Amino acid sequence: MTAPTQNTAPSMPAPAPTPSEPAPVAPRAHQDLHTPVLGWFAQHARDLPWRRQEAGPWGVMVSEFMLQQTPVSRVLPVYEQWMARWPRPADLAAEAPGEAVRAWGRLGYPRRALRLHGAAVAITERHGGDVPTQHAQLLALPGIGEYTAAAVASFAYGQRHAVLDTNVRRVLARAVTGVQYPPNATTAAERKLARALLPEDPGTAARWAAASMELGALVCTAKNENCARCPVASQCAWRLAGKPEHDGPARRGQTYAGTDRQVRGKLLAVLREATGPVPQAALDRVWHEPVQRARALDGLVADGLVEPLAHGAYRLPLT
DNA sequence: GAGCCGTGGAA
DNA sequence: TTTCCAAGGCT
């Protein structure tokens, strides 16, 4: 965030005022979104454990890792177990990374578990065991990108950040831009819009972030959006335009059956259930095709999700 | 920037 | 049954 008033050179003559220049505040139409969405959120926000005060920054951070591409309903039980077992970053950091992978269960994308463990180690080593407060510090942790850094800073510390997740991007695409879906990848225009919409007060901005996200998750959903329950339906650009269908290139559907990802999942499932080393023969049973099976296993080892032992045995990583 | 990385519920 | 989607990050 750079201040718009940077002309402080004493010898510089003050520029003539330019009344026609747009003021650096959100246009009126944008500001009108805040009140109804915040009001709706006060009424309809879900009571999720990571939103309670007791969750703390670590709870917020753990939930954000788990919620990356995974629905709330599947995260809930794993989150509770995780926080009971590792209530502080240092508790997780003291464990073998393989234990994090095991506790991750079937949430999917198990590299997230490895990264969360790595983040806990970094927090313990570099930040005295406390989840850092600054966006840049958060961004430097493994597994934390632009979204998660903004989310933790906003939700855990009440800071003012544009929190652009898939829900918010869809809400803005519809309510403001007037299209059904946002682009595949986040664009500079979306970031600019999100910043322009951010309330000035940090606490209000943090609530706005959570509220607009919740609206996308519960009402302005990807399919079967429920405009009848939407607090900004009357001013939604997409709805007012007659809800035109998305025209651009079709969003890539992710095929899964028969891919390396499926094989990796099957291999890791066996290793998660095992308490000791798993012999090669046990892994061979999960997939018939030996070339793909070997490639998938090699990939898991390369990712640090699996540790090779002597005599073709494998286990979850101890280090 | 496109492709890759899991899993399971709902339509 | 198939398709789509769910609070992304990394290379």
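Because the structure is predicted, anything quoted here is derived from the model rather than measured. By convention in this document, chain letters (A, B, ...) are assigned in the order of the sequence lines, proteins followed by strands, and residues within each chain are numbered from 1. As a basis for the values below, the full set of heavy atoms in this structure was taken, side chains included, without hydrogen atoms, waters or symmetry mates.
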Visitor: For the side chain of A:R106, counting heavy atoms from C-beta on, which of B:dG8, C:dC5, C:dA7 is nearest?
Guide: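 Nearest to the side-chain atoms of A:R106, counting from C-beta on, is B:dG8.
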Visitor: Whole-Å distance between C:dG9 P and A:L138 CG?
Guide: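 It works out to 12 Å between those atoms.
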Visitor: Counting C-beta onward and ignoring hydrogens, is there a side-chain heavy-atom pair between A:E214 and A:R51 closer than 4.5 Å?
Guide: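 Side chain of A:E214 against side chain of A:R51, heavy atoms only: contact under 4.5 Å found.
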Visitor: Mind checking A:T148 for me? I need base, sugar-phosphate or nothing, with any heavy atom below 4.0 Å counting as a touch.
Guide: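 The residue A:T148 makes sugar-phosphate contact but no base contact.
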Visitor: If I take atom CG in residue A:N167 and atom P in nucleotide C:dA6, what distance separates them, rounded to the nearest angstrom?
Guide: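 Taking atom P of C:dA6 as the reference, CG of A:N167 is at 7 Å.
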Visitor: Any side-chain N or O of A:Q69 under 4.0 Å from OP1/OP2 of C:dG8?
Guide: yes
Visitor: Less than 4.0 angstrom between a side-chain N/O of A:Y256 and OP1 or OP2 of B:dT7, yes or no?
Guide: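 True: A:Y256 side-chain N/O within range (under 4.0 Å) of B:dT7 OP1/OP2.
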Visitor: Under a 3.5 Å threshold, yes or no: a donor from one side chain and an acceptor from the other, between A:Y147 and A:E64?
Guide: yes
Visitor: Which residue lies toward the 5' end of DNA chain B, A:N224 or A:K266, if each is placed at its nearest nucleotide?
Guide: A:K266
Visitor: From the set B:dG6, B:dT7, C:dC5, return the single nucleotide nearest to any side-chain atom of A:Y181.
Guide: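 For the A:Y181 side chain, the nearest candidate turns out to be C:dC5.
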Visitor: When we call it a touch if two heavy atoms are under 4.0 Å apart, what does A:L107 touch: a base, just sugar-phosphate, or nothing?
Guide: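 Touches a base.
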Visitor: If each of A:A185 and A:G108 is mapped to the nucleotide of DNA chain B with the nearest heavy atom, which maps nearer the 5' terminus, i.e. the 5' end?
Guide: A:A185
Visitor: For atom C1', what is the distance between B:dG1 and C:dG9, given to the nearest Å?
Guide: 14 Å
Visitor: When you get a sec, tell me which of B:dG6, C:dC5, C:dG9 is the closest nucleotide to the side chain of A:K223?
Guide: C:dC5
Visitor: Checking all strands, does A:R272 fall into the base, sugar-phosphate, or nothing category for heavy-atom contacts under 4.0 angstrom?
Guide: sugar-phosphate
Visitor: Strictly by side-chain hydrogen bond (donor to acceptor under 3.5 Å, both in side chains), give each pair with a member in residues 286-309 of chain A just once, sequence neighbours left out.
Guide: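 Qualifying pairs: A:D260-A:Q292, A:D260-A:R295, A:R264-A:D303, A:D284-A:R293, A:W287-A:Q292, A:E307-A:R315.
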Visitor: From CH2 of A:W104 over to C1' of B:dG6, roughly how many Å is that when rounded to an integer?
Guide: 11 Å
Visitor: Where the side chain of A:A222 is concerned, which of C:dC5, B:dG6, C:dA7 is the nearest nucleotide?
Guide: C:dC5
Visitor: For A:R51 and for A:L139, find the nucleotide of DNA chain C with the closest heavy atom, then tell me which residue's nucleotide is more 5'.
Guide: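 With A:R51 and A:L139 compared, the 5'-side residue is A:R51.
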Visitor: Mind checking if A:R46 touches a base, just sugar-phosphate, or nothing, with heavy atoms under 4.0 Å?
Guide: base
Visitor: Ring centroid separation for A:W82 and A:W104, is it under 6.0 angstrom?
Guide: yes
Visitor: Which part of the nucleic acid, if any, lies within contact of A:R115, taking any heavy atom under 4.0 Å across all strands shown: a base, the sugar-phosphate backbone alone, or nothing?
Guide: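 Result for A:R115 = sugar-phosphate.
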Visitor: Is it the case that B:dT7 (base atoms only) and A:R261 (side chain only) share a donor and an acceptor within less than 3.5 Å, ignoring hydrogens and angles?
Guide: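 Side chain to base: no pair below 3.5 Å.
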Visitor: Quick one: A:M66 CE to C:dA7 P, roughly how many Å, whole number?
Guide: 17 Å
Visitor: With a 3.5 Å cut-off and no angle check, do the side chains of A:Q180 and A:W238 form a donor-acceptor pair?
Guide: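 Side-chain D/A pair, A:Q180 to A:W238: absent.
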Visitor: A:L141 has an atom CG; how far is it from atom P of C:dC10, in whole Å?
Guide: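 Interatomic distance, CG of A:L141 to P of C:dC10: 10 Å.
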Visitor: Contact class for A:L48 (heavy atom, under 4.0 Å): base, sugar-phosphate, or nothing?
Guide: base
Visitor: Report yes or no: do A:R261 and A:Y109 form a side-chain donor-acceptor pair below 3.5 Å?
Guide: yes
Visitor: State, with a plain yes or no, whether a side-chain heavy atom of A:T166 is found less than 4.5 Å away from one of A:P182.
Guide: no
Visitor: Does the C:dG8 base have a donor-acceptor partner in the side chain of A:T166 within less than 3.5 Å?
Guide: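 No.
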Visitor: Base, sugar-phosphate, or nothing: which does A:R111 touch, judged by heavy atoms less than 4.0 Å apart?
Guide: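 Touches a base.
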Visitor: Output the rounded distance in Å from CG (A:L67) to P (B:dG6).
Guide: 18 Å
Visitor: With rounding to the closest Å, how many angstrom separate the P atoms on C:dA7 and B:dG3?
Guide: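 It works out to 23 Å between them.
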Visitor: Without decimals, in angstroms, what is the distance between A:E146 CD and C:dG8 P?
Guide: 13 Å
Visitor: May I have the distance from A:E245 (atom CD) to C:dC4 (atom P), rounded to whole angstrom?
Guide: 13 Å
